[in-house]
Amino acid sequence: MSDGTKQNGKRVRRPDGYSIAKRADGRWESRIVIGYNDSGNPIRKSFYGVSRAAVLALVQDYKSKVDTGRISASSKEMLLGQWLEVWLSQYVLPHREPKTYRYYEAYCRLHLVPALGKVPVRKLTPNQIQKLLNEKLAEGLSAYFIRGLRATLRAALAQAWKTGLIEQNPASRVSTPKVERSETRFLGPSAAKKFLVAAKQNRLGPLFEFTLVTGLRIGEVTGLTWDDIDFNTKTVRVRNQLQRIDGKLILKSLKSESSRREISLGEIGERALQSVKAEQLLNGWAPEEGYIFLNSKGRPLDPKNVEVHLKSVLKSAGLPPMSFHKLRHTAATLMVAGGVELHQVMKQLGHSQISLTANLYAHGVSEAQRKATSVLERVLDSGSLD
């Protein structure tokens, strides 16, 4: 029979892959093959309904989702812990930066797997995820951490949706605490001057001077080679960054088009580089990699070593401790406060969006606006641009 009901007491399979029949208890049942066991025998999934139309709708909807890849017809429920392992090894490790992999792996291993690892991926609910986030917040973990935990799970489940394991991403339907933006510390003009004076007494002084006038990241500065410098055109090509990966310093290409940039080499920056070049000639250093900034043994600089020297310079200058990244903030803030257009600051820093630059340096924008108002008032009062 074409409608799949029983014929002579037997269930008849429809040509489209499933069977349907009325049970002795009055309900309707439909079965569809969803896989095969180790012996090669089919494993079937059953659907039940009070009417033939109801159960037919259920099985056809299921079959449609399988055929279009929205869900996976699997004989076993994949647990979240199993999926996170697959996600990390097949989708993150081969395609993302090592630092990104370590970031995701730590969140999975230390927090997601212990709490939710045994929950079937298909049955994971927003309430379960929200409960975990609330518990972590109650433990005293920061809002920034909670958002990172949610972002990790959301990325993993987004891939699960793409592969058909789930129909929707429950991690997209939970709430996270607001991250209060802290006041970004930077050196004002007079403090920056003190810093530069103190830096001259440190062997890494040229590196700090160069950073303060370029706003480069620590990996970008330590990853610079002499091939990146063109003294004739007075430009610096920022193409790579030096990273410590698995205990080794490795030069890696910058990943985004906006971060790979060419910036101007000013007088202070050029003097700093010439000072470094003189030191390398004096010591007879000629590393094959051609790095500009080296440690006391003529080898590539470890970022941790740079931070130690920075702490010493700040102390000598009578300035409060701050991270190397705050030198980048200082460069950007002083540029914006001095009237440099945000678009140019964005290009100098290697930001991808001008909104990011504006949000980070809103305090500098305010100072620039005050200067703009002052200039406008002076022009209006004098009736001249002179």
Measure the shortest side-chain to side-chain distance between [X] and [Y] over non-hydrogen atoms and say whether it is less than 4.5 angstrom.
X      : Y      : answer
Tyr91  : Arg96  : no
Leu153 : Ile129 : yes
Thr163 : Gln159 : yes
Arg328 : Arg217 : yes
Thr152 : Cys108 : yes
Leu334 : Pro189 : yes
Val55  : Ser30  : yes
Phe293 : Phe210 : yes

Measure the spacing between [atom1] of [X] and [atom2] of [Y] and express it to the nearest 0.5 Å.
X      : Y      : atom1 : atom2 : result
Asn240 : Ser253 : CG    : OG    : 5.5 Å
Leu124 : Leu165 : CG    : CG    : 12.0 Å
Thr211 : Leu327 : OG1   : CG    : 6.5 Å
Leu224 : Leu216 : CG    : CG    : 6.0 Å
Arg150 : Ser172 : CZ    : OG    : 7.0 Å
Leu249 : Asn295 : CG    : CG    : 9.5 Å

Between [Y] and [X], does any NZ, NE, NH1 or NH2 come within less than 4.0 Å of an OD or OE carboxylate oxygen?
X      : Y      : answer
Arg27  : Asp25  : yes
Arg203 : Glu279 : yes
Arg261 : Glu220 : yes
Glu135 : Lys131 : yes
Glu262 : Arg237 : no

How about [X]: does its [atom1] atom have over 12 heavy atoms from other parts shown lying under 6.0 Å from it?
X      : atom1 : result
Lys194 : NZ    : no
Gln243 : CD    : yes
Arg102 : CZ    : yes
Glu139 : CD    : yes

Does [Y] offer a backbone N or O that forms a donor-acceptor pair with the side chain of [X] under 3.5 Å?
X      : Y      : result
Arg173 : Asn127 : no
Trp83  : Pro120 : no
Gln348 : Thr214 : yes
Ser275 : Arg271 : no
Gln130 : Ser175 : yes
Trp161 : Glu167 : yes
Arg244 : Gly247 : yes
Thr330 : Leu187 : yes
Asp230 : Lys234 : no
Asn283 : Trp285 : no

Minimum-distance pair of heavy atoms, taken over all atoms of [X] and [Y]:
X      : Y      : value
Leu110 : Pro114 : O-CG, 3.7 Å
Pro320 : Leu314 : O-CD1, 3.8 Å
Phe186 : Met322 : C-CE, 4.5 Å
Leu137 : Ile146 : N-CD1, 3.6 Å
Val276 : Pro206 : CG2-CB, 3.6 Å
Lys277 : Phe231 : CE-CE1, 4.3 Å

Side-chain donor-acceptor pair present, Ser259, Ser256, cut-off under 3.5 Å: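 Checked: Ser259/Ser256 side chains pair up, N/O donor to acceptor below 3.5 Å.
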
Residues Glu289 and Trp226: side-chain donor-acceptor under 3.5 angstrom: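 Result is no, nothing qualifies.
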
Say whether [X] and [Y] are linked into one hydrophobic cluster, either directly or through other cluster members, by side-chain heavy-atom distances under 4.5 angstrom.
X      : Y      : result
Val236 : Ile268 : no
Leu133 : Val113 : yes
Val213 : Val306 : no
Leu196 : Leu273 : yes
Leu349 : Ile218 : no

Member of Arg23, Lys22, Arg52 meeting the salt bridge (charged side-chain N to carboxylate O under 4.0 Å, His left out) criterion with Glu29: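 Looking at Arg23, Lys22, Arg52, the match for Glu29 under the salt bridge (charged side-chain N to carboxylate O under 4.0 Å, His left out) is Arg23.
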
CA sep, side-chain torsions, deciding dist, call: Leu80, Leu157, side chain to side chain contact (heavy atoms under 4.5 Å, CB included): CA-CA 9 Å; Leu80 178 63; Leu157 294 179; 4.2 Å; yes

Partners meeting ring-ring contact (aromatic ring centres under 6.0 Å, His included) with His111 (sequence neighbours left out):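 Residues passing ring-ring contact (aromatic ring centres under 6.0 Å, His included) with His111: Phe145.
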
Full working for side chain to side chain contact (heavy atoms under 4.5 Å, CB included) between Ile245 and Ile250: CA-CA 7 Å; Ile245 301 174; Ile250 298 177; 4.0 Å; yes

Option among Val221, Leu207, Ile292, Leu294 that satisfies the side-chain contact (heavy atoms from CB on, under 4.5 Å) test with Leu301: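 When Val221, Leu207, Ile292, Leu294 are each tested with Leu301, the side-chain contact (heavy atoms from CB on, under 4.5 Å) holds only for Leu207.
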
Full working for side chain to side chain contact (heavy atoms under 4.5 Å, CB included) between Val119 and Leu79: CA-CA 5 Å; Val119 178; Leu79 305 182; over 6 Å; no

Aromatic ring pairing Phe195/Phe208, orientation class (parallel under 30°, perpendicular over 60°, tilted between):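 Ring orientation, 0 to 90° scale: perpendicular.
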
Ring centres under 6.0 angstrom apart (Trp87, Tyr104):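 Yes, they do, as the ring centres are separated by less than 6.0 Å.
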
